[in-house]
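Right, one structure below, let's go through it.
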Protein chains: 2
Amino acid sequence: MNFNEKYNGYLNEFNEILNEFCSGLDCSPQILADSMRYSLLSGGKRIRPVLMFAVGDLLGVRTDKLKNFALALELIHTYSLIHDDLPEMDDDDFRRGKPSNHRVFGTGNAVLAGDGLLNTAYSILIKECRKGAEYVSAAEFICDYAGVYGMIGGQSADLLHEGDGNYSEETLNFIYENKTAKLLTTAVVVPDIIGGGKYFSELKTFGSDLGYLFQLTDDILDVEGNFHNLGKSTGKDKKAGKYTAVSLYGLDACKLRADVCAERCGTIIEGINGDGEFLINLVNYVRNRKN
Amino acid sequence: MNFNEKYNGYLNEFNEILNEFCSGLDCSPQILADSMRYSLLSGGKRIRPVLMFAVGDLLGVRTDKLKNFALALELIHTYSLIHDDLPEMDDDDFRRGKPSNHRVFGTGNAVLAGDGLLNTAYSILIKECRKGAEYVSAAEFICDYAGVYGMIGGQSADLLHEGDGNYSEETLNFIYENKTAKLLTTAVVVPDIIGGGKYFSELKTFGSDLGYLFQLTDDILDVEGNFHNLGKSTGKDKKAGKYTAVSLYGLDACKLRADVCAERCGTIIEGINGDGEFLINLVNYVRNRKN
């Protein structure tokens, strides 16, 4: 099986889980369920679930033990996008090529759709806690990394420094680590926690590097990409006076950093006993992505 | 001990827990921690924690088994107020006599403060799940009642029907039950779940009635109260063309309904073996409150 086939295999597996969840969602009023479904089903690469299933395969942890964690993670990721796109946050009108949630449902409903997704993610995670101590640990890890010492801290720092075109490298790293890398890290660490925690620190480092890589390529694409491929506006960072890795290091140095990150990720996977080919290809896919 | 002394006893006990939590909150950036603390520490009656501790006393469930649930519940309640006050939701400039969160920190930060409080509540609840199956059940109950089939559903319906001055009694009941009663219900049901679940259905009904009572007195106070006592604007419902129990039934019939609710609550408490005096007084306090 080549990389794309395998990616699509994981993707289809996850989309089935997601579709089942979305069909079962019948809360009132209708607009609440509709607005949650709208953002959940607006495509996306599903990189977190794919990563989780792939690391599970590498470590011999079955997908059925991970599927609810993958679902919860995608719900958390989606809520964060909805709130991030709000007019008083990043103010994005498009997401994945479609009008963002608040453009379709209004800001009030978008706030509630996000709240609803976050709360439902925890409803799923708390149910997992019945299955044993390692499931509680996995839920705890997601919660910590998604929270105020993780992703929300990163979003807050991002908002704080918005438009201030000259903040420190330390601040940039804080934002990238917390806003982007931490949630990606949960995707690769959860299978390990469920599987016994043998590669916990290695996979934490992998997640951190992959998140940084993801953010670097995001910044590169904002300069080099186009709306058609990305499904969102480009050149937006510069227009907004936003400080990015590109404005800090320049485009070429940024690409070099991305290469170093990708290599480090590869080395970690190679150090894990098992078939890591797909994950190494996935890292290269992130490095070379056009959207 | 009279009612006020006992109320303040519970209140002080909870405020100590809350203060300890707030001192320990050291997430970055500073504005995230500050905005969360601002709303958490802006006073309030703490009726949910007080209720929880009082029901615990009635059932013989010790406060130290409940304190983290009470804390999580107050975090959830506070996040819901912050998001509810947002310009595109209820658009309230004041809360408990102080400028609302978004008036002080801006809408973007207020969204994140709310997200942070919600996520932190679940961080607390997931940790509780290590303590046993009944703790998982209690966490699950809170999560369900706070979520899209509970409070968030109520907020969404409230937003949907905002300004539409003539919706059905059924819609009004849906909003009051979900937006207000469900979170109050968790406060009285959680001690019972931890204690073995002997009065589960009675306390669920009690919470539902008390929540309805709370909402009825809210509507009455919006007509009869004043800013000084309430710490928020009055006459706002009518000005906003908001449909309330007062506009549906009239003021006198509303008061009669409140009396019936209070009586039903009292009867339930009397049916529980133990000293229910404080809870019956608490119901009467809600019935006769001026703020």
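Values reported hereafter were calculated over all heavy atoms of this structure, with side chains retained and with hydrogens, waters and symmetry mates removed. All chains are named by letter (A, B, ...) in the order of the sequence lines, taking the proteins before the strands, and each is independently numbered beginning at 1.
Comparing G154(A), G114(A), G147(A) by heavy-atom pairs within less than 4.5 Å of chain B, the highest count is held by G147(A). For the options N109(A), I31(A), I142(A), L86(A), heavy-atom pairs under 4.5 Å to chain B are most numerous at N109(A). Counting heavy-atom pairs under 4.5 Å between each of T107(B), N178(B), V111(B) and chain A puts T107(B) at the top. Interface remark: of the candidates S137(A), G150(A), G106(A), S137(A) forms the most heavy-atom pairs closer than 4.5 Å to chain B. Of the listed residues (Q30(B), E140(B), M89(B), K127(B)), the one with the most heavy-atom contacts under 4.5 Å to chain A is E140(B). Considering only heavy-atom pairs separated by less than 4.5 Å from chain B, the leading option among L160(A), V148(A), D144(A), I76(A) is V148(A). The candidate with the highest count of non-hydrogen atom pairs below 4.5 Å against chain B, out of D115(A), L159(A), T120(A), T171(A), is D115(A). Chosen from L32(A), L125(A), V136(A), the residue pairing most often with chain B at heavy-atom distances under 4.5 Å is L32(A).
Between E88(B) and H102(A) there is no side-chain heavy-atom pair separated by less than 4.5 Å.
In this structure, no portion of M151(A) lies under 4.5 Å from any heavy atom of chain B.
Atom-to-atom distance recorded for S80(B):OG and L112(A):CG is 10.5 Å, nearest 0.5 angstrom.
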Practice item. For the pair Y122(B) and L118(A), evaluate side-chain contact (heavy atoms from CB on, under 4.5 Å) and give the outcome as yes or no after the intermediate values. Key: CA-CA 10 Å; Y122(B) 286 114; L118(A) 180 59; 5.8 Å; no
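Shortest non-hydrogen contact noted between C143(B) and I126(A) is CB-CD1, 4.0 Å. Here the closest non-hydrogen pair linking P29(A) and S156(B) is CG-OG, 3.3 Å.
By the neighbour-count criterion of 12 heavy atoms within 6.0 Å, atom NZ of K67(B) is sparsely surrounded, having that number or fewer from other residues, nucleotides or ligands. In the displayed structure, R103(A) atom CZ is contacted under 6.0 Å by at most 12 heavy atoms of other residues, nucleotides or ligands.
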